[in-house]
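One structure is given below, encoded as structure tokens.
Just so you know, ligand 1 is whichever comes first in the structure, and atom 1 is the first atom listed for that ligand. For clarity, every value in this text was computed on a predicted model and none was experimentally measured. Index from 1, following the sequence.
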Amino acid sequence: MHTMTIAEMARGLRDGAFSSVDLVRAFLDRIERYNDGLNAYITVDAEAALAQAEAADARLRAGDATPLTGIPIAHKDIFCTRGVRTSCGSRMLDNFVAPYDATVVSHLARAGVVMLGKTNMDEFAMGSSNETSFYGPVRNPWDTDRVPGGSSGGSAAAVAARLAAAATGTDTGGSIRQPAALCGITGLKPTYGRVSRWGMIAFASSLDQGGPMTRSAEDAALMLAAMAGFDERDSTCVDRPVPDYAASLHDDITGLRIGLPKEYFGEGLESGVADSVEAALDEYRKLGADLVEISLPNSHLAVPTYYVVAPAECSSNLARYDGVRFGHRCDDPKDLEDLYKRSRAEGFGAEVKRRVMIGTYVLSAGYYDAYYLKAQKIRHLISDDFRRAFEQVDVIMGPTTPSPAFRLGEKKDDPVTMYLSDIYTIAVNLAGLPALSLPVAPAEGLPVGLQIIGDYFGEARLLNVAHRLQQATDWHRAAPGGFE
Ligand code: GLN
């Protein structure tokens with residue numbers, strides 16, 4: 001059962017081949033067997049999952065099911081879940097149990113999914129390797145000496161090793177697409193504003209966006225349809241109808257204009273990754289697409305711009321963790337200042353502290369114009385590059401990451417090298433565009449991701465273009481050994 005896609009599971013549930021309780025038991029058994037080796041889950045709630053499965057079975061019997069009813073999924077531990085701890089990968093929130101569900105969680109629950117548990121992640125979603133988690137690193141199921149990517153590494157590893165049918169993730173600079181690429185799954189970062197951020201713990205509010213992590217584009221279409229939609233509690237959520245993403249999956253792509261940014265194929269790209277991307281582009285040629293070279297001239301400014309904007313916003317967002325209202329509080333504070341200082345010093349890890357310090361610096365009176373204001377201007381230039389590109393082409397393609405999964409510890413002590421692993425994903429967040437990563441041919445046994453970037457609210461087109469490749473090839477069906 002665990003090897004099926006969501007669409008296949010839904011068919012089995014509808015036809016009565018198995019129940020949601022059977023399905024959930026099978027996944028809970030797998031978590032029991034394999035999670036210790038992967039550390040993909042921080043929290044598993046078997047009892048609640050089985051109760052939800054029973055409710056789903058009743059709905060299925062009553063003929064009131066959606067395509068997601070009874071499907072066992074996992075939530076990144078950044079989404080608030082009522083009654084189940086939401087740690088955000090941090091000691092700061094190790095004891096935090098939210099009194100409400102995030103909108104993404106309640107939308108999916110309304111569709112009838114079953115939550116198996118909460119997945120591991122880089123602390124406050126800051127990282128590209130899952131090594132900044134308070135709960136220890138996640139291991140990549142394809143090679144357990146390697147990182148799964150981050151920050152949604154637990155979700156990616158869980159889906160790749162078949163410890164969940166699908167999972168949620170969040171992407172501020174690449175955290176859905178990069179781990180999806182490194183673990184060989186499909187991950188979609190929607191247009192900024194497509195999915196509500198309410199109840200999703202804030203890192204950098206103008207960049208954060210939740211999305212699905214799945215084994216196929218078809219599954220991503222089903223998940224996104226349930227996750228998306230207007231929410232008045234998020235003032236940046238866009239009031240726009242949610243298309244039937246599954247309906248357009250099979251659309252013909254003859255004549256599709258694919259832009260290949262020359263900046264994404266140059267120095268720094270490993271040859272194995274380049275070859276796999278080329279092989280996928282050949283498939284698109286066979287499917288009738290036209291490939292056009294384009295330029296995104298400000299690409300080289302994306303990483304430095306992001307590392308001003310994201311820390312600035314995080315330093316403001318994380319000011320709420322003061323030891324007073326919720327989260328970690330130090331023992332025996334001698335006064336208020338001591339309470340703030342020690343609670344934050346003990347609660348946050350090194351990477352979070354680095355970002356808070358950078359953010360505070362770039363927002364300070366003397367440096368605001370030089371750094372923050374300048375970064376905002378460059379952000380415009382980067383958006384303009386994409387706007388011009390989409391006058392010429394329908395989608396943009398390139399590698400998701402410059403290399404396959406790296407070894408645990410390899411980049412941990414070198415933040416700048418770590419930051420560069422998001423070099424192809426970060427500009428998309430600065431512009432607020434949707435983008436998807438899907439697995440293509442592996443390089444030396446390790447997964448490689450192809451990134452497809454779309455125009456604003458072009459999720460249906462992205463899913464269609466990805467699905468056509470997945471119909472023509474088997475790359476997305478590959479599974480890591482050792483998790484039978
Ligand atoms: N790796 C990037 C960072 O550390 C992006 C993280 C994310 O998308 N949440 O900021």
For [X] and ligand 1, answer yes if some heavy atom of the residue is under 4.0 Å from a ligand atom, otherwise no.
X      : value
Met418 : no
Tyr419 : no
Ala310 : no

Counting heavy atoms only, which part of [X] comes closer than 4.0 Å to ligand 1: side chain, backbone, both or neither?
X      : answer
Arg355 : side chain
Ser151 : side chain
Tyr307 : side chain
Thr172 : both

- Task: Quick one: look up the protein heavy atom nearest atom 10 (O) of ligand 1 and list residue, atom name and how far away it is.
- Result: Tyr306 OH, 2.6 Å

- Message: To check your reading of the model: name the closest protein heavy atom to atom 6 (C) of ligand 1, its residue, and the distance in Å.
- Response: Ser175 OG, 2.9 Å

Any nitrogen or oxygen of [X], side chain or backbone, less than 3.5 Å from one on ligand 1?
X      : value
Asp422 : yes
Ala125 : yes
Gly150 : no
Met126 : no

- Query: Between Thr132 and Glu123, do the side chains contain an N or O donor and an N or O acceptor separated by less than 3.5 Å?
  - Reply: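 No.
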
- Message: Using side-chain contact (heavy atoms from CB on, under 4.5 Å), reason through Val277 and Tyr264 one step at a time and then give a plain yes or no.
- Response: CA-CA 11 Å; Val277 169; Tyr264 287 17; over 6 Å; no

- Query: Within the side chain of Ser155, is there an N or O that forms a donor-acceptor pair under 3.5 Å with the backbone of Thr168?
  - Reply: yes

- Derivation of the side chain to side chain donor-acceptor pair (under 3.5 Å) call for Ser295 and Glu263: CA-CA 7 Å; Ser295 175; Glu263 293 80 5; 2.6 Å; yes

- Message: Can you tell me which residue among Thr43, Asp94, Asn39, Asn120 is in a side-chain hydrogen bond (donor to acceptor under 3.5 Å, both in side chains) with Tyr135?
- Response: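 So, applying the side-chain hydrogen bond (donor to acceptor under 3.5 Å, both in side chains) to Tyr135 and each of Thr43, Asp94, Asn39, Asn120, only Asp94 qualifies.
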
- For a side-chain hydrogen bond (donor to acceptor under 3.5 Å, both in side chains) with Arg197, tell me which candidate from Asp208, Asp231, Thr236 qualifies.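 Among Asp208, Asp231, Thr236, the one meeting side-chain hydrogen bond (donor to acceptor under 3.5 Å, both in side chains) with Arg197 is Thr236.
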
- Task: For residues Pro434 and Arg194, determine if any side-chain heavy atom of one lies less than 4.5 Å from a side-chain heavy atom of the other.
- Result: no

- Less than 4.5 Å apart, any side-chain heavy atom of Ser152 and any of Ser175? yes

- Message: Does this structure show an ion pair linking Asp455 with Arg387, if we count only N-O contacts that are shorter than 4.0 Å?
- Response: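 Salt bridge between Asp455 and Arg387, a charged N being under 4.0 Å from a carboxylate O: no.
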
- Relative to the heavy atoms of Phe203, which atoms of ligand 1 are at a distance of less than 4.0 Å?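 By the 4.0 Å cutoff, the relevant atoms are 9 (N), 10 (O).
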
